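Chain naming here is simple, since letters A, B, ... match the order of the sequence lines and numbering starts at 1 in each. Because only heavy atoms are used, hydrogens play no part in the values below, and waters and symmetry mates are left out as well, while side chains stay in. What you see is a predicted model; the values in this text were computed from it and never measured.
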Amino acid sequence: MKKLLLATTLIALTAGYAAADVVRLATEGAYPPFNFVDDTGEIAGFEREFGDEICKRAALECTWSTNEWDSIIPNLQSGNYDVIIAGMSITDERKQVIDFSDNYYPPVPSVYVAAKADANFASGTVAVQVSTIQAAYIAASGATLLEFPTPDETVAAVRNGEADAVFADFDYLNPLVKESGGALMVVGDPVAIGGGVGLGLRQSDQELKGKLNEAIAAMKADGSLNVLIEKYFGAEGQKF
Amino acid sequence: MFAVCADPKSIEGLTWLGCYLTSGKHLDFYMSFVTVLLLLAVTAPASMVLGFGGAVAARSHVAPLRWLGKGYSAMVRGVPDIVYFMFFVIALDQGFEIVKQQFVCPGWDQPIFQGLEFHVCPAAKVPVATASPFAFQAYGFSLAVITFAIVFGAFVTNVLYGAMQAVPRAQLETGEAYGMSHHQVFRRILVPQMWTYALPGLANLWMILIKATPLLFLLSVKDIVYYARELGGFKTQAYDYPHPDWRIYYFLGLLVFYLLMTKVSEVVLGRLTARLSQGQATAAGEAMRKAAT
(Lines give C-alpha, C1' and ligand atoms only; values in the text may rest on other atoms or scores of the structure.)
Protein backbone atom coordinates (compact mmCIF):
# COMPACT_ATOMS: atom_id res chain seq x y z
CA MET A 1 0.00 0.00 0.00
CA LYS A 2 2.82 2.34 0.93
CA LYS A 3 4.62 1.76 -2.35
CA LEU A 4 1.47 2.27 -4.35
CA LEU A 5 0.66 5.41 -2.41
CA LEU A 6 4.17 6.70 -2.89
CA ALA A 7 4.04 5.96 -6.60
CA THR A 8 0.70 7.70 -6.90
CA THR A 9 1.91 10.71 -4.97
CA LEU A 10 4.99 10.90 -7.16
CA ILE A 11 2.94 10.72 -10.33
CA ALA A 12 0.57 13.30 -8.94
CA LEU A 13 3.39 15.62 -7.90
CA THR A 14 5.52 15.32 -11.01
CA ALA A 15 2.70 15.50 -13.53
CA GLY A 16 3.35 19.23 -13.96
CA TYR A 17 1.68 22.30 -12.71
CA ALA A 18 0.37 23.65 -15.99
CA ALA A 19 -3.00 22.32 -14.86
CA ALA A 20 -4.99 25.48 -15.46
CA ASP A 21 -6.52 24.71 -18.83
CA VAL A 22 -7.36 21.04 -18.54
CA VAL A 23 -11.08 20.55 -18.07
CA ARG A 24 -12.19 17.22 -16.67
CA LEU A 25 -15.52 15.93 -17.98
CA ALA A 26 -17.45 13.24 -16.14
CA THR A 27 -20.23 11.10 -17.51
CA GLU A 28 -22.20 8.10 -16.38
CA GLY A 29 -21.34 5.80 -19.28
CA ALA A 30 -24.54 3.76 -19.05
CA TYR A 31 -27.15 5.85 -20.86
CA PRO A 32 -27.12 5.16 -24.60
CA PRO A 33 -27.43 6.94 -26.94
CA PHE A 34 -26.47 9.93 -24.71
CA ASN A 35 -23.37 8.32 -23.25
CA PHE A 36 -22.12 4.78 -22.97
CA VAL A 37 -18.92 2.77 -22.79
CA ASP A 38 -18.52 1.13 -26.20
CA ASP A 39 -17.08 -2.29 -26.92
CA THR A 40 -13.52 -1.02 -27.09
CA GLY A 41 -13.91 0.33 -23.55
CA GLU A 42 -14.04 4.00 -24.68
CA ILE A 43 -16.70 6.51 -23.71
CA ALA A 44 -18.95 7.02 -26.74
CA GLY A 45 -22.32 8.41 -27.74
CA PHE A 46 -23.93 11.78 -28.46
CA GLU A 47 -22.35 13.49 -25.49
CA ARG A 48 -18.87 12.19 -26.27
CA GLU A 49 -18.93 13.73 -29.73
CA PHE A 50 -20.67 16.88 -28.53
CA GLY A 51 -18.25 17.28 -25.60
CA ASP A 52 -15.18 16.91 -27.80
CA GLU A 53 -16.63 19.45 -30.24
CA ILE A 54 -17.36 22.17 -27.65
CA CYS A 55 -13.94 21.65 -26.07
CA LYS A 56 -12.39 22.19 -29.49
CA ARG A 57 -14.45 25.32 -30.12
CA ALA A 58 -13.73 26.75 -26.66
CA ALA A 59 -10.02 25.86 -27.05
CA LEU A 60 -10.07 23.74 -23.90
CA GLU A 61 -8.10 20.57 -23.34
CA CYS A 62 -10.63 18.05 -22.07
CA THR A 63 -10.23 14.64 -20.46
CA TRP A 64 -13.02 12.13 -19.86
CA SER A 65 -13.90 10.01 -16.87
CA THR A 66 -16.87 7.99 -15.67
CA ASN A 67 -18.56 8.29 -12.31
CA GLU A 68 -21.51 6.54 -10.78
CA TRP A 69 -24.72 8.53 -11.25
CA ASP A 70 -25.60 8.61 -7.57
CA SER A 71 -22.40 10.38 -6.47
CA ILE A 72 -21.91 12.48 -9.61
CA ILE A 73 -22.93 15.82 -8.00
CA PRO A 74 -20.94 15.48 -4.72
CA ASN A 75 -17.79 14.64 -6.68
CA LEU A 76 -18.28 17.73 -8.87
CA GLN A 77 -18.54 19.92 -5.80
CA SER A 78 -15.48 18.27 -4.33
CA GLY A 79 -13.52 19.21 -7.44
CA ASN A 80 -12.79 15.70 -8.71
CA TYR A 81 -13.90 16.89 -12.15
CA ASP A 82 -15.17 20.15 -13.60
CA VAL A 83 -18.14 19.34 -15.81
CA ILE A 84 -20.98 16.81 -15.63
CA ILE A 85 -22.02 15.76 -19.13
CA ALA A 86 -24.41 12.92 -18.45
CA GLY A 87 -27.84 13.66 -19.91
CA MET A 88 -28.66 15.65 -16.79
CA SER A 89 -31.90 17.62 -16.97
CA ILE A 90 -31.85 21.20 -15.76
CA THR A 91 -34.13 21.49 -12.72
CA ASP A 92 -34.65 24.12 -10.04
CA GLU A 93 -33.83 21.59 -7.36
CA ARG A 94 -30.41 20.79 -8.85
CA LYS A 95 -29.79 24.50 -9.50
CA GLN A 96 -29.69 25.03 -5.76
CA VAL A 97 -26.50 22.96 -5.50
CA ILE A 98 -24.82 23.24 -8.92
CA ASP A 99 -25.00 25.51 -11.96
CA PHE A 100 -25.97 24.54 -15.50
CA SER A 101 -24.87 25.67 -18.94
CA ASP A 102 -27.51 26.49 -21.56
CA ASN A 103 -29.29 23.35 -22.69
CA TYR A 104 -27.69 21.36 -25.51
CA TYR A 105 -30.62 19.01 -25.85
CA PRO A 106 -34.20 20.38 -25.85
CA PRO A 107 -36.71 19.44 -23.14
CA VAL A 108 -37.64 15.86 -23.94
CA PRO A 109 -40.85 14.14 -22.87
CA SER A 110 -40.64 11.21 -20.49
CA VAL A 111 -42.66 8.11 -21.31
CA TYR A 112 -43.89 4.94 -19.65
CA VAL A 113 -42.79 1.67 -21.22
CA ALA A 114 -44.39 -1.63 -20.26
CA ALA A 115 -44.46 -5.25 -21.35
CA LYS A 116 -48.21 -5.24 -22.06
CA ALA A 117 -50.57 -2.60 -23.41
CA ASP A 118 -52.93 -2.60 -20.42
CA ALA A 119 -50.15 -2.20 -17.84
CA ASN A 120 -51.20 -0.33 -14.74
CA PHE A 121 -48.61 2.44 -14.75
CA ALA A 122 -50.77 5.00 -12.93
CA SER A 123 -51.02 3.13 -9.62
CA GLY A 124 -48.82 0.05 -10.13
CA THR A 125 -45.09 -0.36 -9.59
CA VAL A 126 -42.95 1.91 -11.74
CA ALA A 127 -39.17 1.45 -12.16
CA VAL A 128 -36.98 4.56 -12.36
CA GLN A 129 -33.32 5.42 -11.97
CA VAL A 130 -32.42 6.89 -8.59
CA SER A 131 -31.95 10.69 -8.28
CA THR A 132 -33.57 11.50 -11.62
CA ILE A 133 -36.40 13.89 -12.48
CA GLN A 134 -38.47 10.81 -13.30
CA ALA A 135 -37.91 9.43 -9.79
CA ALA A 136 -39.13 12.70 -8.29
CA TYR A 137 -42.17 12.67 -10.57
CA ILE A 138 -43.16 9.08 -9.69
CA ALA A 139 -42.60 9.71 -5.98
CA ALA A 140 -45.15 12.53 -6.18
CA SER A 141 -47.63 10.45 -8.23
CA GLY A 142 -49.88 7.64 -7.05
CA ALA A 143 -47.62 4.85 -8.33
CA THR A 144 -45.27 2.70 -6.25
CA LEU A 145 -41.68 3.82 -6.72
CA LEU A 146 -39.04 1.19 -7.54
CA GLU A 147 -35.55 2.71 -7.80
CA PHE A 148 -32.43 1.29 -9.45
CA PRO A 149 -28.87 2.65 -9.63
CA THR A 150 -28.52 2.20 -13.41
CA PRO A 151 -30.94 2.80 -16.34
CA ASP A 152 -30.39 -0.72 -17.69
CA GLU A 153 -31.75 -2.28 -14.51
CA THR A 154 -34.98 -0.25 -14.72
CA VAL A 155 -35.78 -1.77 -18.11
CA ALA A 156 -34.73 -5.25 -16.99
CA ALA A 157 -37.20 -4.92 -14.10
CA VAL A 158 -40.04 -4.54 -16.61
CA ARG A 159 -38.85 -7.44 -18.75
CA ASN A 160 -38.78 -9.83 -15.81
CA GLY A 161 -42.08 -8.62 -14.39
CA GLU A 162 -40.70 -6.99 -11.28
CA ALA A 163 -42.23 -3.65 -12.28
CA ASP A 164 -45.40 -2.83 -14.23
CA ALA A 165 -43.66 -0.09 -16.21
CA VAL A 166 -40.45 1.91 -16.50
CA PHE A 167 -40.55 5.71 -16.62
CA ALA A 168 -37.61 7.43 -18.36
CA ASP A 169 -36.55 9.81 -21.13
CA PHE A 170 -38.16 8.96 -24.45
CA ASP A 171 -34.77 9.03 -26.19
CA TYR A 172 -33.32 6.41 -23.92
CA LEU A 173 -36.32 4.05 -24.13
CA ASN A 174 -37.09 4.48 -27.82
CA PRO A 175 -34.24 2.29 -29.23
CA LEU A 176 -34.99 -0.37 -26.62
CA VAL A 177 -38.67 -0.47 -27.58
CA LYS A 178 -37.85 -0.59 -31.29
CA GLU A 179 -35.38 -3.45 -30.89
CA SER A 180 -37.45 -5.46 -28.44
CA GLY A 181 -39.45 -7.12 -31.22
CA GLY A 182 -42.77 -6.21 -29.62
CA ALA A 183 -41.85 -7.29 -26.10
CA LEU A 184 -41.86 -3.69 -24.90
CA MET A 185 -44.24 -0.87 -25.78
CA VAL A 186 -44.89 2.74 -24.90
CA VAL A 187 -48.05 3.09 -22.79
CA GLY A 188 -49.99 6.19 -21.78
CA ASP A 189 -49.22 9.75 -22.80
CA PRO A 190 -45.76 11.36 -22.76
CA VAL A 191 -45.15 13.61 -19.76
CA ALA A 192 -43.23 16.88 -20.22
CA ILE A 193 -40.86 17.34 -17.31
CA GLY A 194 -37.41 18.96 -17.02
CA GLY A 195 -35.90 21.98 -18.74
CA GLY A 196 -33.68 20.28 -21.27
CA VAL A 197 -30.27 18.74 -20.80
CA GLY A 198 -27.36 20.96 -19.75
CA LEU A 199 -23.77 20.65 -18.59
CA GLY A 200 -23.48 20.57 -14.80
CA LEU A 201 -20.92 23.02 -13.40
CA ARG A 202 -19.80 24.34 -10.03
CA GLN A 203 -21.56 27.58 -9.17
CA SER A 204 -18.19 29.32 -8.82
CA ASP A 205 -16.99 28.35 -12.31
CA GLN A 206 -18.63 31.26 -14.13
CA GLU A 207 -15.70 31.76 -16.52
CA LEU A 208 -15.87 28.15 -17.72
CA LYS A 209 -19.65 28.44 -17.99
CA GLY A 210 -19.26 31.49 -20.26
CA LYS A 211 -16.83 29.69 -22.58
CA LEU A 212 -19.01 26.59 -22.83
CA ASN A 213 -22.18 28.60 -23.39
CA GLU A 214 -20.47 30.44 -26.22
CA ALA A 215 -19.50 27.16 -27.86
CA ILE A 216 -23.01 25.74 -27.41
CA ALA A 217 -24.56 28.88 -28.90
CA ALA A 218 -22.21 28.63 -31.89
CA MET A 219 -23.16 24.99 -32.45
CA LYS A 220 -26.84 25.86 -32.26
CA ALA A 221 -26.38 28.79 -34.68
CA ASP A 222 -24.53 26.89 -37.43
CA GLY A 223 -26.83 23.87 -37.19
CA SER A 224 -24.06 21.42 -36.29
CA LEU A 225 -25.79 20.52 -33.02
CA ASN A 226 -28.92 19.47 -34.91
CA VAL A 227 -26.79 17.35 -37.25
CA LEU A 228 -25.30 15.61 -34.24
CA ILE A 229 -28.74 15.02 -32.68
CA GLU A 230 -29.98 13.59 -35.97
CA LYS A 231 -26.99 11.24 -36.08
CA TYR A 232 -27.57 9.77 -32.63
CA PHE A 233 -31.32 10.08 -32.10
CA GLY A 234 -32.60 9.78 -35.66
CA ALA A 235 -35.54 11.69 -37.06
CA GLU A 236 -37.39 11.43 -33.72
CA GLY A 237 -34.73 13.44 -31.86
CA GLN A 238 -35.79 16.87 -30.64
CA LYS A 239 -34.17 19.67 -32.62
CA PHE A 240 -33.39 23.30 -31.83
CA MET B 1 -8.27 -6.79 -31.89
CA PHE B 2 -8.25 -9.36 -34.72
CA ALA B 3 -8.71 -8.50 -38.39
CA VAL B 4 -11.88 -10.62 -38.69
CA CYS B 5 -13.45 -8.51 -35.96
CA ALA B 6 -13.25 -5.25 -37.91
CA ASP B 7 -16.96 -5.28 -38.77
CA PRO B 8 -18.72 -7.09 -35.89
CA LYS B 9 -22.22 -6.74 -37.36
CA SER B 10 -21.40 -8.79 -40.46
CA ILE B 11 -20.03 -11.85 -38.65
CA GLU B 12 -21.91 -14.53 -36.75
CA GLY B 13 -21.61 -17.81 -34.91
CA LEU B 14 -18.40 -18.75 -33.15
CA THR B 15 -16.40 -16.01 -34.87
CA TRP B 16 -18.83 -13.46 -33.46
CA LEU B 17 -18.54 -14.96 -30.01
CA GLY B 18 -14.75 -15.05 -30.26
CA CYS B 19 -14.63 -11.40 -31.32
CA TYR B 20 -17.20 -10.47 -28.64
CA LEU B 21 -15.22 -12.12 -25.87
CA THR B 22 -11.99 -10.42 -26.93
CA SER B 23 -13.41 -6.89 -27.33
CA GLY B 24 -11.60 -4.10 -25.51
CA LYS B 25 -14.26 -3.95 -22.86
CA HIS B 26 -14.00 -7.68 -22.18
CA LEU B 27 -10.23 -7.36 -21.80
CA ASP B 28 -10.92 -4.63 -19.21
CA PHE B 29 -13.31 -7.10 -17.56
CA TYR B 30 -10.61 -9.77 -17.34
CA MET B 31 -8.17 -7.21 -15.96
CA SER B 32 -10.67 -6.27 -13.25
CA PHE B 33 -10.19 -9.74 -11.75
CA VAL B 34 -6.54 -8.79 -11.26
CA THR B 35 -7.65 -5.50 -9.67
CA VAL B 36 -9.85 -7.37 -7.21
CA LEU B 37 -7.14 -9.90 -6.33
CA LEU B 38 -4.62 -7.09 -5.91
CA LEU B 39 -7.04 -5.23 -3.67
CA LEU B 40 -7.48 -8.33 -1.51
CA ALA B 41 -3.73 -8.95 -1.41
CA VAL B 42 -3.02 -5.41 -0.21
CA THR B 43 -6.06 -4.83 2.00
CA ALA B 44 -5.88 -8.04 4.03
CA PRO B 45 -2.39 -7.42 5.50
CA ALA B 46 -3.13 -3.70 5.91
CA SER B 47 -6.27 -4.41 7.95
CA MET B 48 -4.36 -7.00 10.00
CA VAL B 49 -1.76 -4.38 10.91
CA LEU B 50 -4.44 -1.83 11.80
CA GLY B 51 -6.44 -4.45 13.70
CA PHE B 52 -3.41 -5.66 15.64
CA GLY B 53 -2.54 -2.08 16.58
CA GLY B 54 -6.13 -1.45 17.59
CA ALA B 55 -6.30 -4.60 19.73
CA VAL B 56 -3.01 -3.81 21.49
CA ALA B 57 -4.22 -0.24 22.08
CA ALA B 58 -7.56 -1.49 23.42
CA ARG B 59 -5.73 -3.66 26.00
CA SER B 60 -3.30 -0.93 26.97
CA HIS B 61 -2.88 0.25 30.56
CA VAL B 62 -2.61 3.81 29.31
CA ALA B 63 -6.16 5.18 29.36
CA PRO B 64 -6.05 7.48 26.27
CA LEU B 65 -4.56 4.69 24.19
CA ARG B 66 -7.25 2.30 25.42
CA TRP B 67 -9.98 4.81 24.52
CA LEU B 68 -8.45 5.21 21.07
CA GLY B 69 -8.42 1.45 20.42
CA LYS B 70 -11.92 0.86 21.74
CA GLY B 71 -13.30 4.02 20.16
CA TYR B 72 -11.88 3.11 16.73
CA SER B 73 -13.42 -0.34 16.78
CA ALA B 74 -16.77 0.83 18.17
CA MET B 75 -17.18 3.82 15.84
CA VAL B 76 -16.20 2.19 12.58
CA ARG B 77 -18.18 -0.96 13.27
CA GLY B 78 -21.24 1.11 14.12
CA VAL B 79 -21.33 3.11 10.88
CA PRO B 80 -22.78 1.47 7.73
CA ASP B 81 -20.12 0.66 5.09
CA ILE B 82 -21.97 2.58 2.42
CA VAL B 83 -21.65 5.79 4.46
CA TYR B 84 -17.91 5.23 4.63
CA PHE B 85 -17.66 4.64 0.95
CA MET B 86 -19.73 7.69 0.04
CA PHE B 87 -18.59 10.34 2.51
CA PHE B 88 -15.42 9.17 4.19
CA VAL B 89 -13.68 8.79 0.85
CA ILE B 90 -14.60 12.29 -0.29
CA ALA B 91 -13.42 13.62 3.09
CA LEU B 92 -10.17 11.64 2.85
CA ASP B 93 -9.56 12.95 -0.66
CA GLN B 94 -10.21 16.52 0.48
CA GLY B 95 -7.93 15.98 3.49
CA PHE B 96 -5.04 14.96 1.21
CA GLU B 97 -5.61 18.01 -0.94
CA ILE B 98 -5.70 20.41 2.02
CA VAL B 99 -2.41 18.97 3.29
CA LYS B 100 -0.84 19.10 -0.17
CA GLN B 101 -1.92 22.73 -0.54
CA GLN B 102 0.09 23.68 2.58
CA PHE B 103 3.20 22.54 0.71
CA VAL B 104 2.70 23.38 -2.96
CA CYS B 105 0.90 26.71 -2.75
CA PRO B 106 1.09 28.12 0.79
CA GLY B 107 0.21 31.62 -0.45
CA TRP B 108 -3.28 30.57 -1.67
CA ASP B 109 -5.71 32.93 0.03
CA GLN B 110 -9.13 31.78 -1.17
CA PRO B 111 -11.41 30.02 1.30
CA ILE B 112 -11.32 26.23 0.96
CA PHE B 113 -14.99 25.62 1.65
CA GLN B 114 -17.27 27.89 -0.38
CA GLY B 115 -20.79 26.86 0.46
CA LEU B 116 -21.09 23.28 -0.77
CA GLU B 117 -18.00 23.53 -2.93
CA PHE B 118 -14.46 22.56 -2.12
CA HIS B 119 -11.60 24.64 -3.52
CA VAL B 120 -7.86 24.18 -3.34
CA CYS B 121 -5.31 25.66 -5.74
CA PRO B 122 -5.15 23.69 -9.03
CA ALA B 123 -1.64 22.41 -8.27
CA ALA B 124 -2.86 20.92 -4.99
CA LYS B 125 -5.40 18.60 -6.60
CA VAL B 126 -4.57 14.92 -6.13
CA PRO B 127 -3.83 13.89 -8.80
CA VAL B 128 -3.51 17.16 -10.74
CA ALA B 129 -5.93 17.57 -13.66
CA THR B 130 -3.19 16.89 -16.23
CA ALA B 131 -2.25 13.52 -14.73
CA SER B 132 -2.69 10.40 -16.83
CA PRO B 133 -5.85 8.29 -16.53
CA PHE B 134 -3.68 5.66 -14.87
CA ALA B 135 -2.78 8.11 -12.09
CA PHE B 136 -6.49 8.68 -11.43
CA GLN B 137 -7.14 4.94 -11.34
CA ALA B 138 -4.19 4.29 -9.06
CA TYR B 139 -5.33 7.08 -6.77
CA GLY B 140 -8.88 5.73 -6.66
CA PHE B 141 -7.48 2.30 -5.92
CA SER B 142 -5.32 3.68 -3.10
CA LEU B 143 -8.32 5.43 -1.56
CA ALA B 144 -10.19 2.15 -1.78
CA VAL B 145 -7.40 0.26 -0.04
CA ILE B 146 -7.19 2.82 2.78
CA THR B 147 -10.96 2.84 3.28
CA PHE B 148 -11.25 -0.95 3.20
CA ALA B 149 -8.28 -1.28 5.57
CA ILE B 150 -9.82 1.13 8.08
CA VAL B 151 -13.25 -0.53 7.95
CA PHE B 152 -11.98 -4.10 8.13
CA GLY B 153 -9.23 -3.14 10.58
CA ALA B 154 -11.94 -2.19 13.07
CA PHE B 155 -13.49 -5.65 12.82
CA VAL B 156 -10.06 -7.28 13.09
CA THR B 157 -9.43 -5.19 16.23
CA ASN B 158 -12.44 -6.74 17.86
CA VAL B 159 -11.54 -10.28 16.79
CA LEU B 160 -7.94 -10.01 17.99
CA TYR B 161 -8.99 -8.28 21.22
CA GLY B 162 -11.32 -11.19 21.95
CA ALA B 163 -8.62 -13.72 20.99
CA MET B 164 -6.12 -12.08 23.35
CA GLN B 165 -8.64 -12.25 26.17
CA ALA B 166 -9.28 -15.92 25.39
CA VAL B 167 -5.71 -17.11 25.99
CA PRO B 168 -5.89 -18.95 29.34
CA ARG B 169 -4.65 -16.83 32.23
CA ALA B 170 -2.67 -19.85 33.51
CA GLN B 171 -0.44 -19.72 30.41
CA LEU B 172 0.47 -16.09 31.04
CA GLU B 173 0.97 -16.74 34.74
CA THR B 174 3.46 -19.52 33.99
CA GLY B 175 5.46 -17.08 31.89
CA GLU B 176 5.42 -14.57 34.71
CA ALA B 177 6.54 -17.30 37.13
CA TYR B 178 9.59 -17.85 34.91
CA GLY B 179 10.43 -14.21 35.45
CA MET B 180 9.42 -12.87 32.04
CA SER B 181 8.60 -9.19 31.81
CA HIS B 182 5.15 -7.98 30.75
CA HIS B 183 6.50 -7.36 27.26
CA GLN B 184 8.08 -10.81 27.00
CA VAL B 185 4.89 -12.52 28.11
CA PHE B 186 3.02 -10.62 25.43
CA ARG B 187 5.48 -11.46 22.68
CA ARG B 188 6.39 -15.05 23.59
CA ILE B 189 3.15 -16.40 25.03
CA LEU B 190 0.10 -14.25 24.33
CA VAL B 191 0.63 -13.50 20.62
CA PRO B 192 1.66 -17.01 19.50
CA GLN B 193 -1.30 -18.53 21.33
CA MET B 194 -4.01 -16.06 20.37
CA TRP B 195 -4.07 -16.91 16.64
CA THR B 196 -5.86 -20.20 17.15
CA TYR B 197 -8.68 -18.30 18.87
CA ALA B 198 -8.65 -15.51 16.29
CA LEU B 199 -8.70 -17.68 13.19
CA PRO B 200 -12.46 -18.42 12.90
CA GLY B 201 -13.26 -14.72 13.25
CA LEU B 202 -10.54 -13.70 10.80
CA ALA B 203 -11.68 -16.34 8.31
CA ASN B 204 -15.17 -14.84 8.44
CA LEU B 205 -13.82 -11.37 7.78
CA TRP B 206 -11.74 -12.63 4.87
CA MET B 207 -14.86 -14.15 3.27
CA ILE B 208 -16.79 -10.92 3.78
CA LEU B 209 -13.92 -8.91 2.32
CA ILE B 210 -13.89 -11.07 -0.83
CA LYS B 211 -17.52 -10.23 -1.41
CA ALA B 212 -17.30 -6.54 -0.43
CA THR B 213 -15.39 -5.50 -3.54
CA PRO B 214 -18.46 -4.28 -5.50
CA LEU B 215 -18.32 -1.27 -3.17
CA LEU B 216 -15.27 -0.32 -5.21
CA PHE B 217 -17.42 1.19 -7.93
CA LEU B 218 -18.58 3.86 -5.53
CA LEU B 219 -14.94 4.96 -5.71
CA SER B 220 -14.88 4.86 -9.54
CA VAL B 221 -12.77 1.69 -9.42
CA LYS B 222 -14.42 -0.74 -11.80
CA ASP B 223 -14.55 -4.21 -10.32
CA ILE B 224 -15.82 -7.54 -11.64
CA VAL B 225 -19.42 -6.96 -10.55
CA TYR B 226 -19.53 -3.56 -12.29
CA TYR B 227 -18.30 -5.15 -15.52
CA ALA B 228 -20.63 -8.13 -15.25
CA ARG B 229 -23.60 -5.78 -14.88
CA GLU B 230 -22.36 -3.44 -17.59
CA LEU B 231 -21.45 -6.15 -20.14
CA GLY B 232 -24.46 -8.31 -19.40
CA GLY B 233 -27.10 -5.60 -19.78
CA PHE B 234 -29.30 -5.38 -22.88
CA LYS B 235 -27.27 -3.92 -25.76
CA THR B 236 -28.99 -2.01 -28.54
CA GLN B 237 -27.67 -1.40 -32.06
CA ALA B 238 -25.72 1.56 -30.64
CA TYR B 239 -23.14 -1.02 -29.59
CA ASP B 240 -20.88 -3.07 -31.87
CA TYR B 241 -22.14 -6.33 -30.39
CA PRO B 242 -25.88 -5.98 -29.69
CA HIS B 243 -27.34 -8.74 -27.55
CA PRO B 244 -30.26 -9.35 -25.17
CA ASP B 245 -29.99 -9.35 -21.38
CA TRP B 246 -27.14 -11.76 -20.67
CA ARG B 247 -26.50 -10.79 -17.08
CA ILE B 248 -27.32 -14.30 -15.87
CA TYR B 249 -24.32 -15.76 -17.74
CA TYR B 250 -21.95 -13.12 -16.46
CA PHE B 251 -23.16 -13.52 -12.91
CA LEU B 252 -22.89 -17.31 -13.21
CA GLY B 253 -19.27 -16.71 -14.20
CA LEU B 254 -18.81 -14.58 -11.08
CA LEU B 255 -20.48 -17.30 -9.01
CA VAL B 256 -17.85 -19.78 -10.20
CA PHE B 257 -15.10 -17.28 -9.41
CA TYR B 258 -16.42 -16.64 -5.91
CA LEU B 259 -16.92 -20.35 -5.22
CA LEU B 260 -13.35 -21.03 -6.32
CA MET B 261 -12.11 -18.25 -4.05
CA THR B 262 -14.12 -19.73 -1.19
CA LYS B 263 -12.82 -23.23 -1.85
CA VAL B 264 -9.18 -22.12 -2.02
CA SER B 265 -9.63 -20.01 1.12
CA GLU B 266 -11.16 -22.95 2.96
CA VAL B 267 -8.28 -25.25 2.08
CA VAL B 268 -5.68 -22.67 3.09
CA LEU B 269 -7.50 -21.75 6.28
CA GLY B 270 -7.97 -25.43 7.16
CA ARG B 271 -4.23 -26.04 6.92
CA LEU B 272 -3.53 -22.89 8.90
CA THR B 273 -5.92 -23.99 11.64
CA ALA B 274 -4.22 -27.39 11.87
CA ARG B 275 -0.82 -25.78 12.06
CA LEU B 276 -1.82 -23.21 14.66
CA SER B 277 -3.56 -25.81 16.86
CA GLN B 278 -0.34 -27.79 17.23
CA GLY B 279 0.81 -27.83 20.84
CA GLN B 280 -1.96 -25.46 21.94
CA ALA B 281 -3.81 -25.73 25.23
CA THR B 282 -7.09 -26.18 23.35
CA ALA B 283 -9.30 -29.18 22.57
CA ALA B 284 -7.96 -29.25 18.98
CA GLY B 285 -4.36 -29.10 20.18
CA GLU B 286 -5.00 -31.84 22.74
CA ALA B 287 -6.57 -34.09 20.08
CA MET B 288 -3.53 -33.62 17.83
CA ARG B 289 -1.18 -34.45 20.72
CA LYS B 290 -3.08 -37.67 21.46
CA ALA B 291 -3.19 -38.72 17.81
CA ALA B 292 0.57 -38.28 17.52
CA THR B 293 1.45 -40.46 20.51
Side-chain angles (χ1 to χ4, degrees), chain A residues 1 4-5 7-9 11-13 15-24 29-30 32-33 36-42 44-45 61 63-68 70-71 74-82 97-98 150-153 155-156 159-160 175-176 178-180 202-205 232, chain B residues 8 20 23-28 42-43 45-46 86-87 90 93-94 96-97 100 104 114-120 122-123 125-136 138-139 141-142 145-146 149 217-218 220 222 226 229-230 232-242 244-245 247:
Chain A
M1 183 175 82
L4 197 68
L5 260 184
T8 323
T9 320
I11 293 168
L13 287 172
Y17 291 124
D21 274 317
V22 173
V23 175
R24 285 180 42 79
F36 59 97
V37 179
D38 71 9
D39 290 283
T40 57
E42 289 289 317
E61 194 190 320
T63 58
W64 288 85
S65 60
T66 51
N67 197 92
E68 200 194 26
D70 213 15
S71 61
N75 273 319
L76 174 76
Q77 289 170 330
S78 184
N80 290 342
Y81 37 77
D82 308 305
V97 289
I98 58 170
T150 63
D152 180 62
E153 285 165 300
V155 180
R159 286 182 202 272
N160 62 28
L176 290 162
K178 273 203 251 171
E179 291 178 32
S180 70
R202 278 184 294 273
Q203 284 165 344
S204 57
D205 267 354
Y232 282 95
Chain B
Y20 174 67
S23 69
K25 210 171 173 180
H26 272 87
L27 298 182
D28 290 345
V42 180
T43 306
M86 286 289 275
F87 300 104
I90 289 182
D93 176 40
Q94 294 184 347
F96 283 147
E97 289 176 355
K100 191 178 170 192
V104 294
Q114 302 177 9
L116 290 166
E117 296 173 12
F118 175 81
H119 289 268
V120 288
K125 296 306 288 182
V126 186
V128 290
T130 43
S132 65
F134 175 76
F136 279 95
Y139 180 63
F141 184 82
S142 311
V145 166
I146 295 171
F217 187 53
L218 291 173
S220 295
K222 292 166 183 166
Y226 162 80
R229 201 175 60 187
E230 171 66 28
F234 189 96
K235 294 284 179 288
T236 59
Q237 293 293 333
Y239 292 84
D240 287 341
Y241 300 92
D245 192 341
R247 282 181 302 175

Give, for atom [atom1] of [X] and atom [atom2] of [Y], the distance between the pair rounded to the nearest 0.5 Å.
{"X": "B:F118", "Y": "A:N75", "atom1": "CZ", "atom2": "CG", "value": "12.0 Å"}
{"X": "A:E179", "Y": "B:T236", "atom1": "CD", "atom2": "OG1", "value": "5.0 Å"}
{"X": "A:N160", "Y": "B:R247", "atom1": "CG", "atom2": "CZ", "value": "7.5 Å"}
{"X": "B:E117", "Y": "A:I98", "atom1": "CD", "atom2": "CD1", "value": "9.5 Å"}
{"X": "B:K235", "Y": "A:L176", "atom1": "NZ", "atom2": "CG", "value": "10.0 Å"}
{"X": "B:H26", "Y": "A:D39", "atom1": "NE2", "atom2": "CG", "value": "8.0 Å"}

For this session: Could you go through the side chain to side chain contact (heavy atoms under 4.5 Å, CB included) check for A:D38 and B:D240 one step at a time?
Result: CA-CA 7 Å; A:D38 71 9; B:D240 287 341; 5.7 Å; no
Do you know which two heavy atoms are closest between [X] and [Y], and how far apart they sit?
{"X": "A:F36", "Y": "B:A238", "value": "CZ-O, 3.6 Å"}
{"X": "B:D28", "Y": "A:G41", "value": "OD2-CA, 3.9 Å"}
{"X": "A:V37", "Y": "B:K25", "value": "O-NZ, 2.7 Å"}
{"X": "A:T66", "Y": "B:K222", "value": "OG1-NZ, 2.9 Å"}

Exercise. What residue, out of B:E97, B:E230, B:Q114, has the most heavy-atom pairs lying under 4.5 Å from chain A?
Worked result: B:E230
For this session: Start with the C-alpha gap between B:F234 and A:V155, add the side-chain angles, then the distance that decides, and say whether side chain to side chain contact (heavy atoms under 4.5 Å, CB included) holds.
Result: CA-CA 9 Å; B:F234 189 96; A:V155 180; over 6 Å; no
Problem set entry | Donor-acceptor under 3.5 Å (B:Q94 side chain, A:S78 main chain) | no
For this session: Counting only heavy atoms closer than 4.5 Å, note whether B:D245 contacts chain A via side chain, backbone, both or neither.
Result: side chain
Exercise. Would you call B:F136 and A:S65 a side-chain contact if the rule is heavy atoms closer than 4.5 Å?
Worked result: no
For this session: Identify, with sequence neighbours excluded, every residue that meets side chain to side chain donor-acceptor pair (under 3.5 Å) alongside A:T150.
Result: A:E153
Problem set entry | Heavy-atom proximity to chain B below 4.5 Å, by part of A:R202 | both
Exercise. In terms of heavy-atom proximity below 4.5 Å to chain B, should A:Q203 be classed as side chain, backbone, both, or neither?
Worked result: both
